[in-house]
Structures are given as C-alpha cells and as structure tokens.
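Okay, structure first, notes after.
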There are 2 protein chains.
Amino acid sequence: MSIVPIYRQDLRHPQAQVCASCGVRQFAIFGVLDDAGLDRIHAHIASMDVAPDRPLFSRGERGAAVYTVRSGVVRFERVTERGDRRIVRLAGRGDLIGPEVLLHRPYADDAVACTAVQLCRIPRTLVDELGQGETALLRELMQRWQRALDDAEAWLADLATGPARRRVLRLLVKLGEHADGSGLTWLPRREEIGDMLDMTIETASRLISQLRREGVLELVGARGVRLHMAALLQAVRREDAL
Amino acid sequence: MSIVPIYRQDLRHPQAQVCASCGVRQFAIFGVLDDAGLDRIHAHIASMDVAPDRPLFSRGERGAAVYTVRSGVVRFERVTERGDRRIVRLAGRGDLIGPEVLLHRPYADDAVACTAVQLCRIPRTLVDELGQGETALLRELMQRWQRALDDAEAWLADLATGPARRRVLRLLVKLGEHADGSGLTWLPRREEIGDMLDMTIETASRLISQLRREGVLELVGARGVRLHMAALLQAVRREDAL
DNA sequence: CGAGCCGTTGAGGGGATTCAAGCTCAGTGG
DNA sequence: CCACTGAGCTTGAATCCCCTCAACGGCTCG
C-alpha cells in the first residue's frame with residue numbers, strides 16, 4: 001500500500017494539478033468545490049495504491065479517513081455468524097468508501113481491493129472543517145450515501161434472488177459496468193463468486209464454464225473476462241422470461 | 001390514510017405539544033433541534049396513519065416529503081426484472097423513510113405498511129430551508145442514511161445467506177427487534193416471508209410450522225407471533241454451529 | 001352456504017451441495 | 001530444462017434440500 005502526497009503549492013510540480021485535473025473529479029466528493037476550495041484542501045489529500053486482495057480497512061476499525069475510488073474495484077465483506085464470508089457490495093470509480101467515519105463510527109465492513117486500486121485518502125478532520133461552511137459538500141455527501149444505499153438494495157434484489165444461473169448472469173452484468181472500453185473486466189475467483197452469490201465454488205465454476213461454452217464470455221488471463229454483451233443480455237432476458 | 005395537522009400555536013390545544021413531547025423525538029430527525037427550532041417547523045409537520053398493507057409511496061414516484069416512523073413496521077419492496085417482488089428492508093420506530101426526495105430524486109422503493117403505522121410527514125422544502133442554517137440537522141440526516149445502509153447490508157448478510165431454516169430463524173430475530181414488551185410482534189404472511197427470504201410460501205409455511213412444534217414461537221391471531229427468545233436464540237446458535 | 005384467500009401438508013422431481021477425482025498453470029528448485 | 005508442487009479450476013456421481021404441483025382445512029365475507 002503506497003502513499004503519495006499530492007502537492008499543489010508549486011504549480012509547476014508534475015503532481016501539482018492532480019486534484020484540479022483529476023479525471024474523476026466530477027464523480028468525486030470534492031467535485032462541488034471550486035478551485036479556491038480545492039486550494040485549501042489539496043495538501044491534506046494523499047493518493048494511494050492498493051494491490052489486489054489487499055485490505056483497505058476492517059470492520060470495527062476506528063479509521064480517520066474516507067476514500068474516493070479513482071480506479072479499480074473494491075469489495076465490501078462481512079463475516080456471517082456462521083463464520084463464512086459474504087460479499088455485500090462492490091464499489092468502483094467515483095464511489096465513496098467508509099463515510100461512516102465522518103460520523104465517528106467504526107468501519108461497517110471489511111473493504112478489500114479486487115483489482116489494483118487507486119484511491120484518494122481524505123482525512124475525517126478535513127471534511128469536518130469544510131462541512132461547517134460548505135453546505136454543498138454536505139449535500140454531495142448525502143448523494144453518495146444514497147447511492148450506496150441504492151446499490152445495496154439493488155444487489156439484494158439482483159444478486160440474492162432466483163436460481164444460480166440467473167444470479168451469475170446478473171453478476172456479470174454488474175461487473176460489466178466496471179469494464180473498460182473493450183468489454184474487458186475483472187472476474188472474481190470462483191470462491192469470491194460463491195461468497196457474492198451464496199453458492200459453492202463448484203456451482204460457480206460449472207456456470208461460468210457453461211456460459212463460456214455458450215459464447216457469453218471469454219476468459220482472459222487469470223482474472224479477466226471479455227463479456228459479449230449481446231449474448232449476455234439475451235441470456236439474461238431468456239432467464240427472466242420464465 | 002388519514003392526515004392530522006399538528007398545531008402548536010395554541011398551547012392549550014390537546015395536540016399542541018405533540019412534537020415537543022413526542023416519544024420518538026429522541027430517535028427522530030428533529031431530535032437535534034431545540035424547542036425554538038421546533039416552533040419554526042411544527043406547523044408544517046403532519047401526523048399520518050397508514051393501515052396494514054397500504055402503500056406509502058411507490059418506486060419512481062417524485063414525492064415531496066420524507067417520513068419518520070412513530071410506530072409500526074414499514075417494508076421496502078422492489079420488483080425484480082423477472083417480475084416477482086423482493087422485500088429488501090424493514091423500517092421501524094425512529095427510522096427515516098424516503099430521504100432520497102431531499103436530493104430531489106424519485107423514491108427508490110415501494111414502501112408499504114406492514115402493521116398499522118403512525119408517521120410524521122415532513123415536507124422536503126422544510127428540510128431544505130432548515131438545512132441552510134442547521135448543520136446539526138444535516139449531520140443527523142447523514143446518521144439516518146448510514147443506518148439505512150447498514151441495515152441493508154445486514155439484511156443481505158443475515159437473510160439472504162444459507163439454508164431456508166437458518167434464514168427464517170434470523171428473520172424471526174429481526175422481527176423480534178420490533179416486538180413490544182411481552183415479545184409479541186408482527187408475523188408476515190407466508191408469501192411475504194417468501195419475498196423476504198427468496199423461498200416459496202410452502203417452504204416458509206413448513207418452517208414456521210416446524211418452529212411452532214419445536215416451541216420456538218406461538219401464533220397469536222392472524223398476523224401475530226409470540227417469540228420464545230431463549231428457544232429462538234438457541235435454535236439460531238445450533239444452526240450456526242454447523 | 002359457497003367463494004375465495006391463506007395456511008398446511010404430502011409426493012415427486014430438479015437444482016444445488018457434497019464428496020471426490022483430475023486438470024491447468026505459475027512458481028520453485030534440482 | 002523439467003519434474004515437482006500447490007493453488008485454483010473443472011468435471012463427475014450421489015445426496016439432499018427446496019421447488020413444483022396438488023389436495024385439503026380453516027376462516028372471513030358476501
């Protein structure tokens with residue numbers, strides 16, 4: 001986990017304009033601030049890289065920062081009382097991670113990088129200060145919260161319902177939302193698919209193989225898939241039509 | 001759905017001090033306001049009653065109000081693309097319903113009363129105005145959002161995981177949280193249990209009957225249960241211990 | 001009293017799990 | 001260079017849980 005401070009004092013510094021020109025600025029929490037607002041905060045924000053399968057934080061931990069995802073995919077996990085893992089949500093580019101620390105609460109989930117992940121680390125105190133004056137910032141925060149809630153409910157309705165094949169297909173659709181231009185995206189390990197969809201690794205494997213044979217997807221390397229969206233969407237529709 | 005305005009101008013009016021003395025005030029969104037703050041808003045807040053199985057609002061509808069639950073249980077539903085209903089969350093006393101309208105968004109779910117429900121109806125514009133000055137109110141709002149998010153994820157981890165018997169047991173535990181003093185609480189119809197736990201009404205019925213025979217619960221009237229918590233919690237533990 | 005809804009229970013079949021055996025492939029060290 | 005190893009993936013066979021289909025009983029209500 002490497003941390004790089006983002007300097008902006010010296011505008012000629014190569015990283016000087018990182019925040020202002022950040023590609024995800026429009027998606028990120030500080031998108032509502034003008035350049036002057038950014039000037040007040042840039043020095044406190046750090047850029048971070050997290051390697052696949054590395055944890056960002058753990059449930060119960062009392063953190064002092066929230067994060068914005070610049071690139072990559074992060075998963076939120078919980079351990080059920082039976083002792084097995086359940087993945088309850090994914091976050092991608094532009095999503096806010098760990099807003100509960102702004103309320104001085106411990107993190108609600110384990111957060112783990114799925115792919116290589118780039119983050120902006122935002123100290124809690126920074127948001128506390130800004131929140132005094134900037135109502136717009138608070139509104140933006142509420143937007144994020146609502147989006148997360150919506151994602152959670154959609155996950156429940158889409159990925160926790162119906163037979164295994166249907167759940168896998170819907171997961172693929174959701175993974176497709178994080179794909180790059182060519183439809184190439186991250187494919188979880190079979191065990192992770194199992195923890196997302198509440199099924200065994202064998203069932204997950206059988207279904208992925210079956211969909212590969214049907215031409216819905218193509219495995220690319222160890223952790224990659226190329227989704228053939230036409231075939232995928234058709235398969236989903238066929239599944240939903242009874 | 002009956003609506004009763006809450007007056008406070010005339011302190012001798014029987015409903016005059018409803019807001020100030022409201023039993024759920026500490027749980028509700030305006031708990032952070034002092035009496036002076038309450039004075040500015042009470043005239044705009046209406047008390048509402050909703051009968052069981054009556055809708056509060058529908059997904060996609062552009063509402064102009066949020067609600068606080070004073071008593072009763074409300075469920076949030078979605079219709080999956082396959083066309084069947086999925087209940088994604090419950091809300092009880094003190095919970096905030098429909099905060100997405102504060103962001104000028106349509107309601108995210110269908111909301112339906114499970115039991116008889118008492119609500120406070122709070123117009124969006126009121127929160128908008130207050131939000132300008134009262135940062136404390138915005139913070140309180142964020143608390144609600146985070147709680148809802150946490151509930152949604154807990155629902156996923158608890159009620160969408162594992163074999164049917166386990167899911168029913170955990171649902172009973174969750175329903176027990178909304179119970180009155182004597183352990184008497186609302187029991188969903190078999191069909192509703194099915195929509196919560198993704199199982200058929202037959203499976204739900206079999207398991208409820210089985211638990212009744214085991215002495216975990218007692219049916220009381222059409223929609224009531226008395227939970228025997230000791231036996232229930234023991235059954236849950238036995239389930240989790242493999 | 002019949003109609004309709006809701007809940008219960010049974011029998012049979014199907015889909016997912018369990019148990020088990022190979023397979024692929026990257027990394028390691030002889 | 002290549003066997004060796006282990007983790008992850010695949011596939012098969014048997015079992016079991018849950019769904020499907022079906023019949024029936026209790027209850028309310030017109």
Side-chain angles (χ1 to χ4, degrees), chain A residues 51-53 80 82-87 112 114-115 159-172 186-214 216-225 235 238-240 242, chain B residues 51-53 80 82-87 114-115 159-172 186-214 216-225 235 238-239 242:
Chain A
D53 293 323
T80 69
R82 201 169 49 170
D84 37 34
R85 175 176 70 165
R86 187 78 209 254
I87 296 174
V112 183
C114 294
T115 64
L159 302 186
T161 302
R165 178 182 163 96
R166 189 182 118 98
R167 303 207 300 280
V168 169
L169 284 169
R170 302 209 89 91
L171 174 61
L172 290 174
W186 167 69
L187 185 70
R189 292 211 300 282
R190 303 301 171 267
E191 186 185 4
E192 291 168 333
I193 296 180
D195 291 342
M196 293 182 192
L197 306 181
D198 194 39
M199 63 181 65
T200 59
I201 59 176
E202 292 93 334
T203 302
S205 172
R206 276 183 245 271
L207 287 166
I208 292 292
S209 299
Q210 180 185 321
L211 292 172
R212 181 167 42 77
R213 284 189 287 267
E214 292 176 16
V216 170
L217 57 84
E218 233 176 306
L219 299 184
V220 179
R223 290 284 99 74
V225 231
R238 216 177 316 129
E239 201 65 25
D240 288 341
L242 266 193
Chain B
D53 293 323
T80 70
R82 201 170 49 170
D84 38 31
R85 174 176 69 166
R86 187 78 208 252
I87 297 175
C114 294
T115 64
L159 301 186
T161 302
R165 178 182 164 95
R166 190 182 118 99
R167 303 208 299 278
V168 169
L169 285 169
R170 303 208 88 93
L171 174 61
L172 290 174
W186 166 70
L187 185 70
R189 287 210 234 69
R190 303 299 170 266
E191 187 186 3
E192 292 168 332
I193 296 179
D195 291 343
M196 293 181 191
L197 306 181
D198 194 39
M199 62 181 65
T200 59
I201 58 176
E202 293 94 332
T203 301
S205 173
R206 277 183 244 272
L207 288 167
I208 293 292
S209 299
Q210 179 185 321
L211 293 173
R212 181 167 42 73
R213 285 189 285 268
E214 293 176 15
V216 170
L217 56 84
E218 235 174 305
L219 299 183
V220 179
R223 291 283 102 76
V225 230
R238 217 176 316 130
E239 201 65 25
L242 267 193

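Order of the sequence lines sets the chain letters (A, B, ...), proteins ahead of strands, with each chain counted from 1.
With salt bridges taken as basic N to acidic carboxylate O contacts below 4.0 Å, one links R165(A) and E214(A). Here D53(B) pairs with R189(B) in a salt bridge; the nearest charged N to carboxylate O distance falls below 4.0 Å.
Residue R189(B) places no side-chain N or O under 4.0 Å from the OP1 or OP2 atom of dG7(C).
In this structure, CZ of R165(A) is placed 16 Å from P of dT17(C), rounded to the nearest angstrom. Spacing between atom CG of L217(A) and atom P of dT10(D) amounts to 10 Å, rounded to whole angstrom units. For the pair D198(B) CG and dC18(D) P, the computed distance is 12 Å after rounding to whole Å. The distance from atom CZ of R167(A) to atom P of dG15(C) is 14 Å, rounded to the nearest whole Å. In this structure, E191(B) atom CD and dT8(C) atom P are separated by 14 Å, rounded to whole Å. Rounded to an integer number of Å, the gap from CZ of R166(B) to P of dT17(C) is 14 Å. Atom CG in L197(B) sits roughly 18 Å away from atom P in dC17(D) (whole-Å rounding). Atom C1' of nucleotide dG25(D) and atom CZ of R190(B) are separated by 15 Å, given to the nearest angstrom.
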Worked check of side chain to side chain contact (heavy atoms under 4.5 Å, CB included) between L211(B) and L172(B): CA-CA 11 Å; L211(B) 293 173; L172(B) 290 174; 3.7 Å; yes

Derivation of the side chain to side chain contact (heavy atoms under 4.5 Å, CB included) call for L159(B) and R167(B): CA-CA 5 Å; L159(B) 301 186; R167(B) 303 208 299 278; 5.6 Å; no

Steps toward side chain to side chain contact (heavy atoms under 4.5 Å, CB included) verdict (V168(B), R206(B)): CA-CA 11 Å; V168(B) 169; R206(B) 277 183 244 272; over 6 Å; no

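Looking only at distances, a side-chain donor or acceptor of S209(A) sits under 3.5 Å from a matching main-chain atom of S205(A). Remark: the backbone N or O of T115(A) is not paired with any side-chain donor or acceptor of R223(A) at under 3.5 angstrom.
With T161(B) as the partner, the side chain to side chain donor-acceptor pair (under 3.5 Å) test is satisfied by one option alone out of R85(A), R86(A), R82(A): R86(A).
Here E218(A) pairs with R226(A), H228(A) under the side chain to side chain contact (heavy atoms under 4.5 Å, CB included) rule; sequence neighbours left out.
DNA chain C is contacted by E202(B), S205(B), R206(B), S209(B) of residues 199-211 of chain B, taking any non-hydrogen atom closer than 4.0 Å.
Contact annotation for R213(B): backbone-only contact, meaning every heavy-atom pair under 4.0 Å involves sugar-phosphate atoms and none involves a base. Residue-level contact check: R223(A) touches the backbone only, with heavy atoms under 4.0 Å from sugar-phosphate atoms and none from bases.
Over its length, the helix from dC1(C)-dG30(D) to dG30(C)-dC1(D) turns its helix axis by 20°, as judged from the five terminal pairs at each end, rounded to 10°.
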